[in-house]
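Here the structure is laid out as structure tokens; the discussion comes afterwards.
So that the names make sense, note that chain A is the first sequence line, chain B the second, and so on, each numbered from 1.
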Amino acid sequence: MDFENANKVPRLRLGFRFQWEPAQNAHVLLYPEGMVRLNESAGAVLSEVDGQRSVADIVATLEKQFPEAGPLMTDVWDFLEDAEQKSWIEFR
Amino acid sequence: MGAAQLGFSGGEPLVRQDLAELIAEARHLGYYSNLITSGLGLTAAKVQAFRDAGLDHIQVSFQASDPELNNAVAGSRKAFEQKLAMARAVKEAGYPMVLNFVIHRHNIHQMIDIIDLCDRLDADYVELATCQYYGWAFKNRAGLMPSHAQLITAEAEVDAYRERLAANGSRMKLIFVTPDYYEERPKACMNGWGSLFLTVALDGTALPCHSARLLPIEFPNVRESGLRSIWYDSPGFNHYRGDSWMPEPCRSCDEKGKDFGGCRCQAYLLTGDADNADPVCSKSSHHDRILAARRAADHATTGLEDLTYRNTENSRLFFRG
């Protein structure tokens, strides 16, 4: 991915709430009259999305957290791009 | 029990003076909370208080019986100002502006005016929902149901508007909900009885859908039982759960897992027996009732002034604005 994308700052779109749901034993994304149950890696990425830190910052944090996973830039960017397509997040 | 969504609707939830406290508790319990309001009785200060209490989402709705909607699209803004001001206040507080319009045969020709109004307001989501025929709307169906020709025109108008919005880079989303009376298969009502949804009425009665009370079934009350036993054990919530209750043509139908036999209330209202397949389904032996309603809609002459208002006193009050 190129440098420009690494500097983008993702944040949740208005009206979306990300939280841990004990009954689902998973992170979920809540929106009007709906809920998405997230898998572990999606939950880990969205946990770092705070509207302050850039994609590069998020990747650095995750690589520290999961050193065994190797470089994560491509995976994280693919997920964030997909999340933007689904209107869960936006970039600024 | 794993419930994640809590909706405040009504009637008008704003009549609860302790609404902000209820919202705060919902947030504390981890719910995603949604307020559906007419906007009447709302103030910018209240919107802010709800926001501070943790409310996630607000939807401002415009009902079929709102005389003010007609005034507004006809150009008289006065009766409408409170609602428009509240729609703006919602957005200023950081929420997406979500507007819901109940569409019927007397306003469906104003679709473009309604969407124009939403565009000027910079709305984010606009739901144009033709009303569903239960309760009050069932009694007034002849005066509300659009004809097929009206529907086709309106659908084309909404599609064309959507294309213009996309071309202008607008993010406003238009959702047009058409009446199931013009479908050949029923809607998957409530995603199945006792599957996802529970509502508590003002008197504490727990219901599997907003209109289930019209059915000749006894429903539990939250003043007498806990939610867990209501949801899992009460006869009311188990009555149409799963598919073992289904008679033909649903029983042997390969689509029963998709639409769950449709809506129990509609089956009851149109056939007198809530066990029957929803007559919207062309496989139903009562589908002729739907066809008759469509024919009636092609020739209806009921005027807007002929509708029976839910509450005459209120509609007069609204009219005075």
Side-chain angles (χ1 to χ4, degrees), chain A residues 2 4-5 7-55 57-58 77-92, chain B residues 1-9 23 26-37 47 50-51 53-61 90-100 122-127 129 171-173 175 177 188 190-191 195-199 209-210 227-228 231:
Chain A
D2 56 44
E4 196 188 330
N5 287 338
N7 280 333
K8 284 182 176 171
V9 176
R11 66 174 171 195
L12 284 178
R13 288 279 297 277
L14 279 175
F16 284 85
R17 178 135 60 88
F18 169 78
Q19 69 184 24
W20 176 258
E21 198 61 37
Q24 302 275 340
N25 195 30
H27 279 107
V28 298
L29 197 61
L30 292 159
Y31 52 90
E33 290 166 36
M35 178 173 87
V36 184
R37 188 178 186 275
L38 299 162
N39 66 23
E40 230 169 295
S41 47
V45 177
L46 281 186
S47 297
E48 305 302 324
V49 169
D50 58 4
Q52 306 289 322
R53 289 178 302 153
S54 68
V55 174
D57 295 339
I58 290 169
W77 179 251
D78 285 350
F79 168 73
L80 289 174
E81 220 177 10
D82 192 33
E84 192 202 19
Q85 283 291 312
K86 292 189 166 104
S87 287
W88 297 348
I89 62 162
E90 59 193 356
F91 292 104
R92 58 183 177 91
Chain B
M1 290 168 69
Q5 300 263 353
L6 189 79
F8 296 101
S9 65
I23 290 165
R27 181 59 186 253
H28 172 72
L29 293 169
Y31 283 110
Y32 185 98
S33 58
N34 186 16
L35 169 66
I36 299 181
T37 173
V47 174
F50 297 159
R51 174 96 184 161
L55 184 68
D56 290 289
H57 196 259
I58 302 184
Q59 178 183 315
V60 181
S61 66
V90 164
K91 185 140 184 165
E92 273 158 25
Y95 291 106
M97 190 195 291
V98 184
L99 306 177
N100 172 285
D122 200 15
D124 296 282
Y125 297 91
V126 179
E127 190 178 80
R171 295 205 75 135
M172 186 165 88
K173 293 261 184 311
I175 303 137
V177 185
M190 308 321 285
N191 204 38
S195 154
L196 270 183
F197 184 88
L198 178 152
T199 185
C209 84
H210 289 292
L227 271 192
R228 181 173 290 275
W231 180 256

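Scanning both residues, A:G15 and B:P96, for their nearest heavy atoms gives N-CD, 4.3 Å. Counting all heavy atoms, side chain and backbone alike, A:M35 lies closest to B:A4 at SD-CB, 3.6 Å.
With contacts defined as side-chain heavy-atom distances shorter than 4.5 Å, the pair B:H57/A:R17 does not qualify.
Looking only at heavy-atom pairs under 4.5 Å with chain A, the residue among B:M1, B:Q59, B:Q5 that has the most is B:Q5.
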Name the atoms and distances for all side-chain donor-acceptor pairs under 3.5 Å in residues 21-29 of chain A, with sequence neighbours left out.
from	atom 1	to	atom 2	distance (Å)
A:E21	OE1	A:Q19	NE2	3.1
A:Q24	OE1	A:R37	NE	3.4

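Residue B:F197: no heavy atom, backbone or side chain, is found under 4.5 Å from chain A. Heavy atoms closer than 4.5 Å to chain A are found in the side chain of B:N34, but not in its backbone.
For A:K86, the salt bridge (Lys or Arg N to Asp or Glu O under 4.0 Å) test picks out A:D82, with sequence neighbours left out.
One distance of note links CZ of B:R171 with CZ of A:R13; it measures 4.0 Å at 0.5 Å rounding.
Using modelled atom types, no side-chain atom of B:Y32 and backbone atom of A:G34 make a donor-acceptor pair closer than 3.5 Å.
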